[in-house]
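Below: one structure, written as structure tokens.
Here is the naming used below: chain letters follow the sequence lines, and residue numbers restart at 1 for every chain.
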There are 2 protein chains.
Amino acid sequence: MARMPTVDDVARAAQVSRQTVSNVLNTPEIVRDNTRERVQRAIDELGYRPNASARRLRTRRSATIGIRLDPLRDGISGAVLDRFVHKLAEQADARDLRVMIFSAAGNDDELSHIRRLRDGSDVDAFVLIGTDHGDPRIAWLVDHHVPFVSFGRPWGAPADDPRHRWVDVDGRAGVRDAVLRLAERGARRIAWIGWPSPSGTGDERRAGWVEACGLSESDQDALACVTEDGVAHGRACADRLLALPEPPDAIVCASDSLALGALMAAQAAGLGDLPIVGFDNTPVAAAVGLSSVDQPLDDVVAAALELLFGESGETVRPNPDSNEEPTHRLLVPRLVERRSTHLLLDGNPGA
Amino acid sequence: MARMPTVDDVARAAQVSRQTVSNVLNTPEIVRDNTRERVQRAIDELGYRPNASARRLRTRRSATIGIRLDPLRDGISGAVLDRFVHKLAEQADARDLRVMIFSAAGNDDELSHIRRLRDGSDVDAFVLIGTDHGDPRIAWLVDHHVPFVSFGRPWGAPADDPRHRWVDVDGRAGVRDAVLRLAERGARRIAWIGWPSPSGTGDERRAGWVEACGLSESDQDALACVTEDGVAHGRACADRLLALPEPPDAIVCASDSLALGALMAAQAAGLGDLPIVGFDNTPVAAAVGLSSVDQPLDDVVAAALELLFGESGETVRPNPDSNEEPTHRLLVPRLVERRSTHLLLDGNPGA
DNA sequence: TCGATCGTTTTGATCGATCAAATTATTCGG
DNA sequence: CCGAATAATTTGATCGATCAAAACGATCGA
């Protein structure tokens with residue numbers, strides 16, 4: 001295969017110096033029109049493309065974002081992260097950024113990958129997805145001045161540390177709206193199926209239910225079911241709830257996996273019309289007609305990139321250390337209603 | 001942030017020359033034990049990491065694989081590709097390879113990305129997923145000597161062109177086995193829900209059904225239903241099949257999406273025990289207890305990497321042009337049986 | 001003891017771009 | 001029409017590694 005043309009080749013062809021070619025590429029506004037056109041023509045004719053490695057070596061920027069792909073767990077809820085990665089690839093592309101993925105077994109492993117990718121100047125900045133209580137990664141990244149943004153709040157730590165840029169979705173508001181909507185449609189005993197505490201995301205979503213369900217404390221205790229994520233677990237919980245002396249007339253779940261399980265339990269119990277709401281609006285929810293709280297992933301990704309790179313651009317903004325510019329963003333989800341909540345209207349009051 | 005140490009820093013600390021440090025890293029066997037240990041100690045103490053960009057510039061290798069993430073379609077079947085990408089990240093990691101993702105709107109767009117990434121020496125080799133009939137990408141890649149491997153056969157082109165390395169799963173065998181299994185359990189009229197022709201993958205899977213279903217041509221026509229992929233489409237097809245004067249006593253589908261739709265149709269028709277088999281063994285299938293043909297993605301990824309990089313190593317093997325070494329691999333899927341095919345045993349013969 | 005041979009280490013050049021500073025061309029007020 | 005200020009372009013150095021070839025040192029047979 002023929003050698004790729006370099007700046008020098010272009011320079012020779014256009015009768016200018018290397019630097020002028022470089023300028024046409026990077027700061028075209030300082031090159032005279034006449035010259036710029038001539039150079040551009042040479043570039044096109046030769047099919048020149050800048051060598052990314054050389055540029056990176058010199059500029060110490062890679063215009064590349066790193067993101068970890070977890071070993072998939074459930075596969076249904078995990079789909080959110082996949083969707084996130086897709087969106088990230090799309091929007092990064094639009095900004096002329098590259099996205100590099102890596103997999104890691106645990107947090108320590110992830111950090112060692114991050115270190116390797118960064119020290120090798122392979123990657124400029126990282127996106128973390130899914131933050132935990134007292135997530136050790138965040139402290140490490142902040143301490144080591146690694147530019148990053150997380151999709152997920154710093155649970156258990158002050159949320160306004162400017163050195164930690166984050167984007168998140170207000171799950172509490174999302175669940176609250178869902179509950180209110182169900183109430184509006186006639187539901188009185190709305191149950192909750194969620195994850196064990198402490199779970200940042202899970203506790204927050206549950207809080208939305210507590211806030212809006214209008215149940216007494218003892219009823220809350222009776223109608224809240226805590227379990228690991230997963231369809232089977234959701235089903236078991238729902239079975240238990242439906243067997244209560246005063247069963248719920250609607251169920252809100254912390255995830256679509258749980259909700260799908262609940263849906264199956266309801267159908268098995270002959271309660272095919274029990275309104276159920278999930279969370280994440282995964283493709284499965286759409287497929288089976290399950291209402292679900294939808295996270296605005298497009299906006300999440302856009303916000304994440306903006307926090308890292310600014311309005312438009314491919315250069316990472318330095319790690320902020322003061323609150324001059326906002327360093328986090330909380331977005332509002334929205335309920336997507338499908339058959340599972342419309343049933344109340346179809347002449348089949350669930351209670 | 002302090003400057004990262006370079007080979008020179010290490011060399012100075014270990015009282016050797018840069019090249020010796022480089023040798024310790026790349027060809028340790030030619031360095032004397034004594035020296036190697038001393039250098040290694042210096043590397044550890046300084047926390048030295050080779051700069052990937054510099055290395056790439058010099059060696060003209062990036063040790064990076066590129067892969068396109070489609071804008072997601074269905075989301076259920078698309079999950080296979082996501083799983084593939086995960087596995088790829090994991091196994092690439094084990095070989096010290098990096099994976100870069102990009103998104104593209106269409107085939108042309110994908111090619112222009114590939115060109116950019118390759119000409120910039122960002123990426124050494126590409127993985128294509130999902131090949132179509134007369135896929136234009138393949139001809140282009142072969143013509144331009146871009147190293148690549150595809151997950152998917154060259155439908156409509158000779159499959160043994162050594163310049164096209166590919167891995168695929170024998171969908172025909174997978175479906176055949178599923179059909180035989182259903183027959184073994186007593187099913188006589190096994191229906192097929194699949195995609196419109198020509199579709200490489202789809203036609204192949206259907207061929208498996210034709211081969212094993214043991215139906216007359218006219219019965220085949222009656223019991224085969226063709227539709228786009230998607231849960232709703234699957235459901236519509238199944239509704240039609242179940243309304244036949246002689247309805248099927250089992251259904252095999254070209255995808256889990258279709259199968260999920262079929263499952264819903266069966267349940268709605270009070271045929272909760274109708275055996276249904278999907279394809280791809282997605283998380284959803286597992287969640288709802290749907291039997292499905294599972295593609296051995298671990299093996300697929302391993303084979304893809306092996307075709308590109310050899311037994312072990314991070315250097316792309318040159319584009320082969322003769323058949324000295326095998327350049328493709330066809331793997332066998334396996335049926336994962338769940339409730340939906342066991343029902344025949346549970347005392348509810350479907351026929 | 002000398003030169004040939006082998007294994008080990010070092011030196012100089014290079015990959016392809018950008019940075020910083022120097023140089024040349026142009027504009028403009030007086 | 002001149003010199004200062006500004007715009008446009010060029011030159012030399014550099015990023016951090018590896019390649020290719022040269023230099024070095026030890027071993028060994030003649």
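- Within residues 43-58 of chain B, the residues approached by DNA chain D to less than 4.0 Å at the level of any non-hydrogen atom are B:Y48, B:R49, B:P50, B:N51, B:A54, B:R55, B:L57, B:R58, in residue-number order.
- Residue pairs that meet the salt bridge (charged side-chain N to carboxylate O under 4.0 Å, His left out) test with at least one member in residues 37-54 of chain B, sequence neighbours left out, are A:D119-B:R49.
- Of the residues in residues 33-41 of chain A, those placing a heavy atom less than 4.0 Å from an atom of DNA chain D are A:T35, in numerical order.
- Residues meeting the side chain to side chain contact (heavy atoms under 4.5 Å, CB included) test with A:T59, sequence neighbours left out: A:R55, A:R61.
- Between A:M100 and A:I67 there is no side-chain heavy-atom pair separated by less than 4.5 Å.
- The pair A:D9-A:R3 meets the salt-bridge criterion, since a charged nitrogen lies less than 4.0 angstrom from a carboxylate oxygen.
- One axis for each end of the helix from C:dT1-D:dA30 to C:dG30-D:dC1, each built from five base pairs, and the angle between them comes to 50° at 10° resolution.
- The list of ring pair (Phe, Tyr, Trp, His ring centres under 6.0 Å) pairs with a residue in residues 104-124 of chain A, not counting sequence neighbours, reads A:F102-A:H113.
- Applying the ring-ring contact (aromatic ring centres under 6.0 Å, His included) criterion to B:F84, with sequence neighbours excluded, gives B:F151.
- For A:R36, the side-chain hydrogen bond (donor to acceptor under 3.5 Å, both in side chains) test picks out A:D33, with sequence neighbours left out.
- Applying the salt bridge (charged side-chain N to carboxylate O under 4.0 Å, His left out) definition to pairs two or more places apart or across chains, those involving residues 138-154 of chain A are A:R153-A:D168, A:R153-A:E204.
- Running 5' to 3' along DNA chain C, contacts with non-hydrogen atoms of chain B at under 4.0 Å begin and end at C:dT8 to C:dG16.
- Near DNA chain C, meaning a heavy atom under 4.0 Å away, the residues from residues 10-31 of chain B are B:V16, B:S17, B:R18, B:Q19, B:T20, B:V31.
- Between the side chains of B:D124 and B:T64, no donor-acceptor pair is found at a separation under 3.5 Å.
- A donor atom on one side chain and an acceptor atom on the other are not found under 3.5 Å apart for B:T327 and B:H164.
- With a 6.0 Å radius and a threshold of 12 heavy atoms from other residues, nucleotides or ligands, B:D108 has its CG atom at or below the threshold.
- Between A:R98 and A:V123, every side-chain heavy-atom pair lies at or beyond the 4.5 Å cut-off.
- The line from CG of B:L57 to CZ of A:R56 is 11.0 Å long, rounded to the nearest 0.5 Å.
- In this structure, the side chain to side chain contact (heavy atoms under 4.5 Å, CB included) partners of B:A302, at least two apart in sequence or on a different chain, are B:Q91.
- To the nearest 0.5 Å, the span separating CG on A:D122 from CD1 on A:I114 amounts to 13.0 Å.
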